[in-house]
Amino acid sequence: MCRNIKTLFNFDPPATKDEIDASALQFVRKLSGFNKPSQANAAAFDRAVKEVSDAARRLLASLHTQAPTRDRTIEAEKARERSRARFAQAG
């Protein structure tokens, strides 16, 4: 899966439009294999990013949980620790 796509649900404050758009862009890049599409594919690429972003916003707005909201700084530290552990094993 795309390591650059981050979980956006159940955070306080909620995910911003920019965070959702960035995740949609990463997802479409992964699916298409294009970091930046050619001129011939730009319209389809941009449309896909918008559609994925819209779908993600609808999804996040419709999800419910009883779990306590997550703290961004704590989750970021957990991710850094996982990364340190993963790369420590590789070396």
Side-chain angles (χ1 to χ4, degrees):
M1 188 59 189
C2 300
R3 290 188 182 157
N4 293 339
I5 297 177
K6 297 177 176 74
T7 300
L8 299 177
F9 176 62
N10 198 28
F11 280 98
D12 189 28
T16 65
K17 179 184 182 316
D18 288 342
E19 289 173 316
I20 295 169
D21 291 346
S23 287
L25 176 61
Q26 287 297 327
F27 182 73
V28 172
R29 283 178 173 168
K30 185 69 167 187
L31 286 178
S32 68
F34 298 133
N35 189 36
K36 184 175 193 288
S38 66
Q39 252 184 331
N41 293 318
F45 187 90
D46 293 342
R47 184 174 53 252
V49 170
K50 182 183 181 331
E51 289 173 1
V52 169
S53 187
D54 291 345
R57 262 191 284 291
R58 286 191 306 274
L59 172 66
L60 292 173
S62 66
L63 294 175
H64 301 281
T65 184
Q66 297 297 319
T69 55
R70 293 180 277 189
D71 182 288
R72 291 176 189 278
T73 55
I74 292 171
E75 294 301 319
E77 182 53 39
K78 286 180 189 177
R80 282 190 290 276
E81 185 55 39
R82 285 190 303 270
S83 179
R84 281 192 288 270
R86 183 175 67 241
F87 289 112
Q89 290 176 351

Provide the closest heavy-atom pair for F45 versus F34 in the form atom of the first, atom of the second, distance.
-> CE1-O, 3.9 Å
Heavy-atom pair with the smallest gap, counting every atom of I20 and R57 | CD1-CG, 3.5 Å
So does K78 pair up with E75, basic N to acidic O under 4.0 Å?
-> yes
Answer yes if the side chains of S53 and D21 hold a donor-acceptor pair under 3.5 Å, and no otherwise.
-> yes
About how many Å separate CZ of F11 and NZ of K6, when rounded to the nearest 0.5 Å?
-> 10.0 Å
Can any side-chain N or O of S32 pair as donor or acceptor with the backbone N or O of V28 at less than 3.5 Å?
-> yes
With sequence neighbours left out, write down each residue that passes salt bridge (Lys or Arg N to Asp or Glu O under 4.0 Å) with R58, or none if nothing qualifies.
-> none
Nearest atoms (heavy-atom pairs only) where N10 meets A67 | ND2-O, 3.7 Å
List the steps, then state whether side chain to side chain contact (heavy atoms under 4.5 Å, CB included) holds for T65 with F9.
-> CA-CA 10 Å; T65 184; F9 176 62; 3.7 Å; yes
Pair T73, D71: side-chain N/O donor-acceptor within cut-off below 3.5 Å | yes
Is there a side-chain contact between P14 and L60, using heavy atoms and a 4.5 Å cut-off?
-> no
Just how far is it from atom CG of N41 to atom CG of D46, taken to the nearest 0.5 Å?
-> 10.5 Å
Inspect the contact between E77 and R84 and indicate whether a charged nitrogen and a carboxylate oxygen are less than 4.0 angstrom apart.
-> yes
Separation between CG of L59 and CG of D54, rounded to the nearest 0.5 Å | 12.5 Å
Would you check, one step at a time, whether the test salt bridge (charged side-chain N to carboxylate O under 4.0 Å, His left out) holds for E19 with R72?
-> CA-CA 13 Å; E19 289 173 316; R72 291 176 189 278; 3.1 Å; yes
Heavy-atom closest pair (A42 atom, P37 atom, distance to 0.1 Å) is CA-CG, 4.0 Å
Pairwise distance CG(D12) to CZ(R70) - rounded to 0.5 angstrom | 12.0 Å
